[in-house]
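Fair warning: this is a prediction, and the values are worked out from it, not measured in the lab.
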Amino acid sequence: MDEKLKRTHSLKLENRNGLKLTGVTDVDSFNEESITAYTDYGSLSVSGTGLNVKELNLANGTLEVEGEVTALIYSSKTSKEKGFFKRLFSA
């Protein structure tokens, strides 16, 4: 992907209990212990306990998570062939 066309991505972690992301292009999976989100800069795996997706807006590229965050791991993989929400909302 051309660097000029990438969405801005930011991450704000508040006291390890609140996480806000921007630049999210897809969410592959989530449960109380892990969330996998995709951005134009790579995938982000969030691990923790009691994780809950408080808000997800793919049109705006925002994701807000509640719960205790114990690990954040980035990888260079920018998308999955067909993510959960793309499969759910595809026409």
Side-chain angles (χ1 to χ4, degrees):
M1 174 175 274
D2 188 353
E3 194 71 31
K4 294 177 186 175
L5 300 176
K6 289 185 176 182
R7 277 189 185 184
T8 301
H9 169 64
S10 68
L11 180 148
K12 182 177 181 183
L13 180 62
E14 300 173 5
N15 302 321
R16 290 180 56 180
N17 285 306
L19 177 65
K20 295 179 184 179
L21 301 170
T22 64
V24 175
T25 58
D26 196 11
V27 173
D28 183 46
S29 62
F30 60 91
N31 59 44
E32 290 186 349
E33 297 177 346
S34 68
I35 297 171
T36 302
Y38 293 95
T39 74
D40 289 338
Y41 296 90
S43 66
L44 174 62
S45 296
V46 179
S47 298
T49 56
L51 297 178
N52 179 45
V53 174
K54 182 176 178 182
E55 177 184 339
L56 174 62
N57 185 328
L58 293 179
N60 292 334
T62 57
L63 172 64
E64 191 170 342
V65 176
E66 297 175 317
E68 182 182 5
V69 175
T70 58
L72 298 166
I73 302 170
Y74 279 98
S75 78
S76 60
K77 190 174 183 181
T78 57
S79 66
K80 195 172 179 185
E81 209 172 272
K82 283 264 189 181
F84 173 75
F85 286 100
K86 286 185 180 176
R87 288 190 309 264
L88 185 64
F89 295 111
S90 64

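By the side chain to side chain donor-acceptor pair (under 3.5 Å) test, Ser47 is found to be paired with no residue, residues two or more places apart in sequence or in another chain being considered. For the side-chain contact (heavy atoms from CB on, under 4.5 Å) test, no residue two or more places apart in sequence or in another chain qualifies with Asn15.
Residue pairs satisfying the ring-ring contact (aromatic ring centres under 6.0 Å, His included) criterion with at least one member in residues 50-74, sequence neighbours excluded, are listed as follows: His9-Tyr74.
Phe30 is connected to Leu72 through a chain of hydrophobic side-chain contacts under 4.5 Å among Ile, Leu, Val, Met, Phe, Trp and Tyr, so both are in one cluster.
The structure places CG of Leu19 at 9.0 Å from CD of Glu14, a figure rounded to the nearest 0.5 Å. With values rounded to the nearest 0.5 angstrom, Leu21 atom CG is found 5.0 Å from Leu11 atom CG. Put simply, OG on Ser43 and CG on Asp26 are 11.0 Å apart, with the number rounded to the nearest 0.5 Å.
Between the side chain of Thr25 and the backbone N or O of Asp40, no donor-acceptor pair lies under 3.5 Å. Not a single donor-acceptor pair under 3.5 Å links the side chain of Thr36 to the backbone N or O of Ser29.
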Please tabulate, one pair per line, all N/O donor-acceptor pairs under 3.5 Å involving side-chain atoms of residues 48-63, not counting sequence neighbours.
| unit_1 | atom_1 | unit_2 | atom_2 | d |
| --- | --- | --- | --- | --- |
| Thr49 | OG1 | Glu68 | OE1 | 3.3 |
| Asn52 | ND2 | Glu66 | OE1 | 3.2 |
| Asn57 | OD1 | Ala59 | N | 3.0 |
| Asn57 | OD1 | Asn60 | N | 2.9 |

Quiz prompt | Derivation and outcome, side chain to side chain contact (heavy atoms under 4.5 Å, CB included), residues Leu44 and Thr39 | solution = CA-CA 8 Å; Leu44 174 62; Thr39 74; 5.5 Å; no
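Minimum heavy-atom separation, Tyr41 to Arg7: CE1-O, 3.0 Å. The two residues Asn31 and Ile35 have their closest heavy-atom pair at O-CG1, 4.4 Å.
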